[in-house]
Amino acid sequence: MQAPESIDQLSARAQAIAGLSLAELADQFDQPVPADFSRHKGWGGMLIELALGATAGSKPEPDFPELGVELKTLPISSTGQPLETTFVCVAPMLDASRQQWHTSSFRKKVAHVLWVPVLADKGMSPAQRQIGSPFLWQLSGEQEQVLKRDWQELTDLLALGQISQINAHFGEYLQLRPKAANGSVRTQAFGEHGELIQTQPKGFYLRTSFTSWILRQQFAPK
DNA sequence: GTTTGATCATTT
DNA sequence: AAATGATCAAAC
């Protein structure tokens, strides 16, 4: 699938896959369907990227660089509650002190997102998961303020060499959690006296309380 | 080895 | 049951 040329085209493509099961979508693109996610955790997201024409394997840029839009799948229950937190980006370690909210990679990712809810109730196989109603969302006002507050707190701690104190309990709507292939992976960071230390890589994740807020905003009866 | 795609599995 | 901490695969 070619990259979409406009927001409207992207939106139309997203609406066109609403209601399909992941098995049906996979069939359209001749993709194999894993029996479970245990060894294919990113499969659903990759499949939807393929179907919408996202640039696979892109790095710091949004999934649709021309449009400035990031694609995120969101597993939800039948009652519309998010079932998992949402990974946004890796945390800067050595560069933490130079980060500014307005130009941060975190803000770039969450500024404009195409959310694709996927019904993923317990017991549903990857094949059975069903695509919901995708919607374009832009970070604004109150939501930006709360995320900025959490992001600034966590980024400041990283800059001050406090990473060893940080766990997933920090942050009201945003949290910092391990993001690595396994528990032995290490990357460089600053220690509490400004020295270089080896530490586990971390990523920023949106709590379900935040994505739940977005869903309510989008689907609440007017 | 790191980033992007996330979910798994143990703890609370 | 929910949240945290750990983990898996592909692309680069």
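Quick note: numbers below take in every heavy atom, side chains included, and nothing from hydrogens, waters or symmetry partners. Order of the sequence lines fixes the chain letters, A, B, ..., with proteins taken first and strands second; residue numbering starts at 1 for each chain.
Nucleotide dG5(C) holds its P atom 15 Å from the CD atom of Glu84(A), rounded to whole Å. Between the CG atom of Leu114(A) and the C1' atom of dG5(B) there is a distance of 15 Å, given to the nearest Å. Taking atom CD of Gln81(A) as the reference point, atom C1' of dA3(C) lies 14 Å away to the nearest angstrom. Taking atom CG of Leu50(A) as the reference point, atom P of dA11(C) lies 11 Å away to the nearest angstrom. Straight-line distance from the CZ atom of Arg186(A) to the C1' atom of dT7(C): 14 Å, rounded to whole Å. Note: CG (Leu206(A)) to C1' (dT7(B)) measures 16 Å, nearest angstrom. Rounded to whole Å, the distance from CG on Leu83(A) to P on dT4(C) is 15 Å. Taking atom CG of Asp63(A) as the reference point, atom P of dT4(B) lies 10 Å away to the nearest angstrom.
Between Thr187(A) and dG1(B) there is no side-chain polar atom (N or O) within less than 4.0 angstrom of OP1 or OP2. For dA6(C), one of the phosphate oxygens OP1 or OP2 lies less than 4.0 angstrom from a side-chain nitrogen or oxygen of Gln200(A). Neither OP1 nor OP2 of dA3(C) sits under 4.0 Å from any side-chain N or O of Gln175(A). Dashed line: the shortest gap from a side-chain N or O of Lys72(A) to OP1 or OP2 of dG5(B) is under 4.0 Å.
Candidate nucleotides dA3(C), dT7(C), dG5(B) were compared by shortest atom distance to the side chain of Pro178(A), and dT7(C) ranks first. The Phe87(A) side chain lies nearest to dA6(B) when the options are dT7(C), dA6(B), dG5(C). Of the candidate nucleotides dA3(C), dC8(B), dT4(B), dT4(B) has the atom nearest to the side chain of Lys179(A). Nearest nucleotide to the side chain of Lys109(A), out of dT7(B), dG5(C), dT4(B): dT4(B).
Looking at heavy-atom distances under 4.0 Å, Gly42(A) makes contact with a base. At the heavy-atom level, Pro75(A) lies under 4.0 Å from the strands shown only through sugar-phosphate atoms.
Between Arg186(A) and Gln200(A), the closest side-chain pair of non-hydrogen atoms falls below 4.5 Å. A heavy-atom distance below 4.5 Å is found between the side chains of Phe204(A) and Leu176(A).
Nearer the 5' end of DNA chain C, as judged by each residue's closest nucleotide, is the contact made by Thr85(A), out of Thr85(A) and Asn182(A). Nucleotides of DNA chain C nearest to Gly183(A) and His169(A) differ in position, and the one nearer the 5' end is that of His169(A). Nucleotides of DNA chain B nearest to Arg177(A) and Val90(A) differ in position, and the one nearer the 5' end is that of Val90(A).
The base of dG5(C) lies outside donor-acceptor range of the side chain of Lys202(A), with no N or O pair under 3.5 Å. A donor and an acceptor atom never sit less than 3.5 Å apart when one is taken from the side chain of Tyr205(A) and the other from the base of dA3(C). Between the base of dT7(C) and the side chain of Lys41(A) there is a donor-acceptor pair shorter than 3.5 Å.
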Under the side-chain hydrogen bond (donor to acceptor under 3.5 Å, both in side chains) rule, what do Trp101(A) and Glu144(A) come out as? Steps first, then yes or no, please. CA-CA 10 Å; Trp101(A) 166 254; Glu144(A) 174 157 11; 2.7 Å; yes
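Taking a 6.0 Å sphere around CD of Gln100(A), one finds it holds 12 or fewer heavy atoms contributed by other residues, nucleotides or ligands.
Considering every non-hydrogen atom in both Thr73(A) and Gly45(A), the closest pair reads CG2-CA, 3.9 Å.
A donor-acceptor pair is defined here as one N or O able to donate and one able to accept, closer than 3.5 Å; such a pair exists between the side chain of Arg13(A) and the backbone of Leu52(A).
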